Amino acid sequence: MKKYRPYFLIFIFAIIFVLPNILSQKLIIGADAPFHYNRFYDAAQQIIHGDLHYFPSMYGFQQSGRIVNAIYGPLFSYFQGLIVLVARSWYHYQILSNFILFLIAGWSMLTLLRYVKVRDWVSVPISILFMTTYSIQYWAVNQGFTSWGTVFYPLCMIPLVDFIVHKKFPVLKVTAAIALMTQIHLLSSVMLVLMYIPFYGYYFFTQTNKGKAILQLGKSILLYFILTANIWVGMAMVYSGNEILPPFVNRRMTEKAINLEGSYWLNYPKIFPIVLFAGFLFFLLFRKREELFPKLLLRTSVVFFLLSTSLIPWNTLVENEVPFISLIQFPFRFFVPFTLLFLLYFAIVANRWEKKTWLRVGATLLILFSSVQTIQNLYRHLDKWEDETFVSRHTYLFDTPDEARKTFYSHDMSKSLFVFQKTTPDYLPIYEQTKANKYDRYNEEILENETTFIKSHPDGRLSIKWKNTGEPTVHVPVIVYDRTVLMQNGKKLTDFELTDIGTPIVKQHNGINEIILYYDLPIYFYFVVGMTIAGWLTFLGIYLSQKFNFRKEKNVKSAKL
């Protein structure tokens, strides 16, 4: 039982970090909350009604049929949907999702540190410190989805240890790590690959049989595409038939560097800069006796640190349309891999003095200060709840702030999504290039029309009903993609026009009008999803089998001794 005590301690701290929500009975609604809450609510309703629509949103996003989850962590969206179903209100969802986030963060970091033989007096404080960094708190205080990828990073970094310390290429581990991150958050998987490059590079160039190293990489890539086939085929289907509006391009990226407006990533918690200073001091004092792995960790982390600063001319790169730069949006995102690499380096170095009294005192103070500062900051954000107006740029409130606050405690979770709406236009189809602001266009075409149409879900399809407005045509508040099918009177509707963002302009008949919307999903896509799920189940079976056999062999050896 002794080996499980650190995990239990992490469990206790995960509870402590959600106590502010529980004791205050308040929520923190960040800028990204409407977008992600709609995603997860849609997934939850699909599960509970048993009508899975992989592509169109028929419950969330104003029941508009727009595509989001299919190209934004599809399988993980259903995991979040299960949390929504268990929680049954947005207040309880916030508590439960935060608790799961903190727990995974602490446990995954603890697992990584144990893998590199770091003892408990170092691994536990570092794991708790990791739970309190802004990389994790980003979800708790702003609903920034990057945190969900971050909590799994430590587990995904285990292959780095194998590359350098064990001098092997763990094909299954590498495949599962990058595939898992891709299923959660695509940009986080890109960051993970960037983290892998210097470690795999060293492994490759130190191998006498480089052909074998290339073959191992090839196997991993092939298996990776099997485990993520649903994402790539889904994206190919969406992007090949539509001109898709990408997430906004931040042309002032430099402002969000960690040495400018993004400094909260560096100063959260306030004791974190002291840990960074201590880590670099250790390196300067003991660099000559440092082993290869911690050296490589620190040097790689420094690269990510520099990328997160304004030393890189981000604005110029965006203006010159350098490929992929605009997808980053905020330089502070590079601070996440820096945090992980640096904490692993710091833990390995500090482990040398694990039995020293001064280190144990320091570790205790680290836990105390980082935890207290985190709780204070959570309360500071929660204190804004009573004054929350919910109104900001491109965000609309369809009731009073007091009534809106009440909806977050209701078991009817759709109420909050109705009274508090944000017109995030990401991944809309573009049928005409105009200078009109797409946030405003989404408001005009979807939000302003929402109350005059009745939407329901017969037979797993979306029904849109309305009464004749007296005009020859009407703008129906749904989004049409190339595979979206509209039915009227049992026949496929073809006589309609589309606006610049894909809402149909339909001729009206006298009385009550009805249109049925569904997405024409090709048969092969079911095979692709089945192959992906089968691949993950096979990986899970192999992992459990290897773990069982390892424990069996260990018990046999112990019995012989």
Side-chain angles (χ1 to χ4, degrees), residues 20-21 26-42 57 60-62 66 68-69 72-73 77 80 84 90-91 93-94 97-98 101 133-150 185 187-188 245-253 255-258 260-265 267-268 326-333 335-336 377-399 401 404-405 407-408 413 416-428 437-440 442-443 446-447:
N21 285 84
K26 298 176 182 178
L27 293 88
I28 301 172
I29 300 299
D32 293 336
F35 181 74
H36 293 300
Y37 283 12
N38 271 279
R39 292 204 304 125
F40 304 152
Y41 177 78
D42 188 80
S57 302
F61 295 105
Q62 298 79 37
R66 63 183 288 192
V68 178
N69 281 344
Y72 197 127
S77 297
Q80 290 287 343
V84 169
W90 291 117
Y91 168 67
Y93 168 78
Q94 187 160 110
S97 66
N98 286 355
L101 183 89
T133 61
Y134 199 79
S135 299
I136 306 302
Q137 300 293 327
Y138 191 28
W139 173 259
V141 301
N142 199 52
Q143 285 76 58
F145 197 69
T146 299
S147 295
W148 282 103
T150 304
H185 191 225
L187 184 58
S188 293
L245 181 70
F248 86 99
V249 176
N250 183 7
R251 300 194 179 280
R252 301 169 68 182
M253 279 182 63
E255 293 180 6
K256 294 299 181 180
I258 61 160
L260 297 174
E261 292 182 14
S263 60
Y264 47 89
W265 285 80
N267 299 316
Y268 198 115
S326 63
L327 299 177
I328 298 168
Q329 294 181 320
F330 310 108
F332 59 60
R333 285 177 163 162
F335 197 74
V336 176
N377 192 65
L378 288 170
Y379 269 116
R380 184 170 62 84
H381 282 85
L382 288 164
D383 286 342
K384 300 176 184 177
W385 176 244
E386 296 299 338
D387 300 319
E388 180 64 73
T389 63
F390 300 100
V391 178
S392 60
R393 191 182 182 191
H394 306 309
T395 304
Y396 301 86
L397 191 66
F398 294 91
D399 210 329
R405 276 189 286 272
T407 65
F408 285 86
M413 300 173 78
S416 300
L417 304 183
F418 175 77
V419 301
F420 173 45
Q421 302 188 38
K422 187 171 183 178
T423 56
T424 307
D426 298 3
Y427 315 121
L428 291 180
N437 184 292
K438 296 301 183 288
Y439 286 85
D440 294 336
Y442 190 83
N443 175 52
I446 303 295
L447 268 61

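These numbers come from a predicted model, not from an experiment.
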- Message: Parallel, tilted or perpendicular, judged at 30° and 60°: which one describes the rings of F332 and Y264?
- Response: tilted

- Query: Hey, are the side chains of W148 and S188 touching, using non-hydrogen atoms and a 4.5 Å cut-off?
  - Reply: no

- Looking only at heavy atoms, which two atoms of V336 and T146 are closest? And how far apart? CG2-CG2, 4.2 Å

- Message: Rounded to the nearest 0.5 Å, what separates atom CD in Q137 from atom CD1 in I28?
- Response: 8.5 Å

- Query: Is a donor on one side and an acceptor on the other found under 3.5 Å between the side chain of N98 and the backbone of Q94?
  - Reply: yes

- Message: I want to know whether Y37 and Y93 have ring centres closer than 6.0 Å.
- Response: yes

- Query: Can you name the closest pair of heavy atoms from R66 and L428 and give their distance?
  - Reply: NE-CD2, 4.0 Å

- Query: Got a donor-acceptor contact below 3.5 angstrom from the D42 side chain to the N38 backbone?
  - Reply: no

- Which atoms form the tightest heavy-atom contact between P247 and Q329, and what is the distance? CB-NE2, 3.5 Å

- Between F420 and W90, does the ring centroid distance fall short of 6.0 Å? no

- In Å and rounded to the nearest 0.5 Å, what is the NZ to OH distance from K26 to Y91? 11.0 Å

- Task: Please work out which of the three classes, parallel, tilted or perpendicular, describes the rings of F40 and W139, given edges at 30° and 60°.
- Result: tilted

- Working to the nearest 0.5 Å, report the span between OG of S57 and OH of Y41. 12.5 Å

- Query: Should T423 and D440 be marked as a side chain to side chain contact (heavy atoms under 4.5 Å, CB included) after you check the CA-CA gap, both sets of side-chain angles, and the distance that decides it?
  - Reply: CA-CA 7 Å; T423 56; D440 294 336; 5.8 Å; no

- Item | F61 and F35: CA distance, side-chain angles, deciding distance, ring pair (Phe, Tyr, Trp, His ring centres under 6.0 Å) verdict | CA-CA 8 Å; F61 295 105; F35 181 74; 5.7 Å; yes

- Query: Step by step, would you call R380 with N377 a side chain to side chain contact (heavy atoms under 4.5 Å, CB included)?
  - Reply: CA-CA 5 Å; R380 184 170 62 84; N377 192 65; 2.5 Å; yes

- Message: Could you check whether any side-chain N or O of S416 sits under 3.5 Å from a backbone N or O of T407, counting only pairs where one atom can act as donor and the other as acceptor?
- Response: yes

- Task: Please identify each residue that fulfils salt bridge (Lys or Arg N to Asp or Glu O under 4.0 Å) with R393, with sequence neighbours left out.
- Result: none

- Keeping the roles fixed (side chain from N69, backbone from R39), state whether a donor-acceptor pair exists under 3.5 Å. yes

- Query: Looking at residues at least two apart in the chain, or sitting in another chain, which of them share a salt bridge (Lys or Arg N to Asp or Glu O under 4.0 Å) with K422?
  - Reply: none

- Item | Closest contact, heavy atoms only, R405 versus D387 | NH1-C, 4.2 Å

- Query: Between S147 (side chain) and S135 (backbone), is there a donor-acceptor pair under 3.5 Å?
  - Reply: yes

- Calculate, to the nearest 0.5 Å, the distance between atoms CG and NE2 belonging to L27 and H381 respectively. 13.5 Å

- Message: Nearest 0.5 angstrom please: N250 CG to K256 NZ, how far?
- Response: 8.0 Å

- Message: Quick check: Y439 with F248 (ring centres under 6.0 Å apart)?
- Response: no

- Task: Kindly determine whether W385 and F408 satisfy ring pair (Phe, Tyr, Trp, His ring centres under 6.0 Å), including the steps that lead there.
- Result: CA-CA 11 Å; W385 176 244; F408 285 86; 5.7 Å; yes

- For ring pair (Phe, Tyr, Trp, His ring centres under 6.0 Å), just list the numbers for Y138 and F335, CA-CA rounded to whole Å, side-chain angles, deciding distance to a tenth of an Å, and then say yes or no. CA-CA 12 Å; Y138 191 28; F335 197 74; over 10 Å; no

- Between the side chain of R333 and the main-chain N/O of L187, is any donor-acceptor distance below 3.5 Å? no

- Message: Rounded to the nearest 0.5 Å, what separates atom CG in L447 from atom CD in Q421?
- Response: 4.0 Å

- Taking Q143 for its side chain and D32 for its backbone only, find out whether a donor-acceptor pair lies under 3.5 Å. no

